[in-house]
Amino acid sequence: MVEGEASCHHSKVRNYARLKPVLPDRSPNCTPKNQQFRLLLFELECEALDERSQLLGKALYQTKITGDVTVAMLRAFVCMGRTLNLSQTCLELDTTRQTVRRHIRDLELIKGEPLFDLVERQYRLTPFGLSSLEEAKFLLLKLETWAGLSNLKRDSSSGLEKLQYTDSKGRVYRSEQHSISQIAMNGLPIIKKTFVAWGNAEAQFESEAMEKIWPYAVLFRKGPSGWVFVRVGRESAYARWFGWAWSKSAIGKLISDDNIGDEYNEFSLGAYARIYDEGGVRLDHIYAHLEKDGGEPKPVTFQRLLLGGMFPDGTPGLIVLAALTEQIEIQSLDSADRPQLDRDLIMDNPPELSG
């Protein structure tokens, strides 16, 4: 809404607020005929006031440029940001083009900047829209999870995060965060040695202290469109599970394009973002279903250590050390569901890191 329209609506609001019906005259000097006429006038004024109240509500809505972001606005923005197609967005959200446009327009008014440009009938995210999209996705997922509207369940009541995700085929993914002190007390040797190396390197990726770790780790940089593979170790969990040829070709790709798929990326997105932003450390035990050798997803368990750090130019990055193992502690995972991994996959204590 332009400034002139907003002023006009505010003027209407002030005028409507002063309106009130004329009450019937109940004085003894008023004749029955006059009373009947005044009663009829009163009823007509009430009907008019009701109509004006509806207009008032509409005017208030149209002039309400505040911080009241709605779930519908977030859904419209996230969906439109993914499809960049108004018709497809309307189809997915089961709504009208007018409604989607209104939600986007209202959100742009609240944020104070345009989220999309329309160039030759094609929608494109503006730089501001692109930078806002990931946060909007996170907020929407968190709201829908809290409201029980998502297939992702989250429990942080103990201070450590527990996640459960169910995909479209009913497969359940589970993740349970563990305290960092567990690394020192009973952590896997590969997890302990990676944590010590990271500390000795003072979180600098190119430090000599990290040299023995890189064959087992994966390094990410966060770009405008998401997580980008920078380095994939030849002995990493990625290489062992998906194969070295695939892992090597992943360098430079977005994580959303990898073999794990969007569902698992959403399942792990929050932890990646927080550690990347904070530059800290996080340990999770995970049960997932991952494609192997081009076949159906197979159940797998691993411990995942996330480590924030710095590239030589001072920009941040994220180390992911995933250790395929049967040594996991997830309270909600039944013993009967725990997979047995091939011996050549297990990464508890690689001989190259011994000594």
Compute the centroid of each ring, for F220 and then for Y276, and state whether the two points are separated by less than 6.0 Å.
no
For the residue pair W241 and F302, is the inter-centroid distance of their aromatic rings smaller than 6.0 Å?
no
Pair L307, T194 - check side chain to side chain contact (heavy atoms under 4.5 Å, CB included), show working.
CA-CA 9 Å; L307 302 158; T194 300; 3.7 Å; yes
Any donor-acceptor N or O pair under 3.5 Å, side chains [X], [Y]:
X    : Y    : result
R97  : S87  : yes
E352 : Y216 : yes
S332 : R174 : yes

Under a single-linkage definition using a 4.5 Å side-chain heavy-atom cutoff for Ile, Leu, Val, Met, Phe, Trp and Tyr, are [X] and [Y] assigned to the same hydrophobic cluster?
X    : Y    : answer
L321 : V196 : no
I180 : V320 : yes
I110 : L143 : yes
F311 : I213 : yes
W244 : L324 : no

Can you pull the salt bridge (charged side-chain N to carboxylate O under 4.0 Å, His left out) pairs that have at least one residue in residues 309-330, sequence neighbours excluded?
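Every pair satisfying salt bridge (charged side-chain N to carboxylate O under 4.0 Å, His left out) with a residue in residues 309-330: E326-R343.
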Take atom NZ of K192 as the centre, draw a 6.0 Å sphere, and report whether it contains more than 12 heavy atoms from other residues, nucleotides or ligands.
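Correct, the count exceeds 12.
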Mind listing the side-chain donor-acceptor pairs of residues 146-153 below 3.5 Å, one per line with the distance, residues two or more places apart or on another chain?
{"unit_1": "S150", "atom_1": "OG", "unit_2": "L152", "atom_2": "N", "d": "3.0"}

Is any side-chain heavy atom of M80 closer than 4.5 Å to one of N85?
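N85 does not reach M80 side chain to side chain.
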N200 vs W198 side-chain heavy atoms within contact, under 4.5 Å
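Not touching, per the 4.5 Å side-chain cut-off.
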Give the intermediate values and the outcome of salt bridge (Lys or Arg N to Asp or Glu O under 4.0 Å) for residues R101 and E108.
CA-CA 10 Å; R101 286 196 185 103; E108 288 177 332; over 6 Å; no
Using atom types as modelled, flag every donor-acceptor pair under 3.5 Å from a side chain in residues 118-131 to any protein atom, sequence neighbours excluded.
{"unit_1": "Q122", "atom_1": "NE2", "unit_2": "L84", "atom_2": "O", "d": "3.1"}
{"unit_1": "T126", "atom_1": "OG1", "unit_2": "P114", "atom_2": "O", "d": "2.8"}
{"unit_1": "T126", "atom_1": "OG1", "unit_2": "L115", "atom_2": "O", "d": "3.3"}
{"unit_1": "T126", "atom_1": "OG1", "unit_2": "G129", "atom_2": "N", "d": "2.9"}
{"unit_1": "S131", "atom_1": "OG", "unit_2": "P127", "atom_2": "O", "d": "3.3"}
{"unit_1": "S131", "atom_1": "OG", "unit_2": "F128", "atom_2": "O", "d": "2.8"}

How long is the gap from CD on E235 to CH2 on W214, to the nearest 0.5 Å?
15.5 Å
Check for me whether R338 meets the cation-pi criterion with Y287, that is, NZ or CZ under 6.0 Å from the six-membered ring centre and within 45 degrees of the ring axis.
no
Is there a side chain to side chain contact (heavy atoms under 4.5 Å, CB included) between M73 and V71? Walk through the geometry before answering.
CA-CA 5 Å; M73 291 180 198; V71 174; over 6 Å; no
Counting N and O atoms only, with roles assigned by atom type, does the side chain of H289 sit under 3.5 Å from a partner on the main chain of V172, one being a donor and the other an acceptor?
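Yes: the side chain of H289 pairs with the backbone of V172.
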Evaluation steps, salt bridge (Lys or Arg N to Asp or Glu O under 4.0 Å), between K137 and E134:
CA-CA 5 Å; K137 288 179 182 178; E134 286 303 314; 3.4 Å; yes
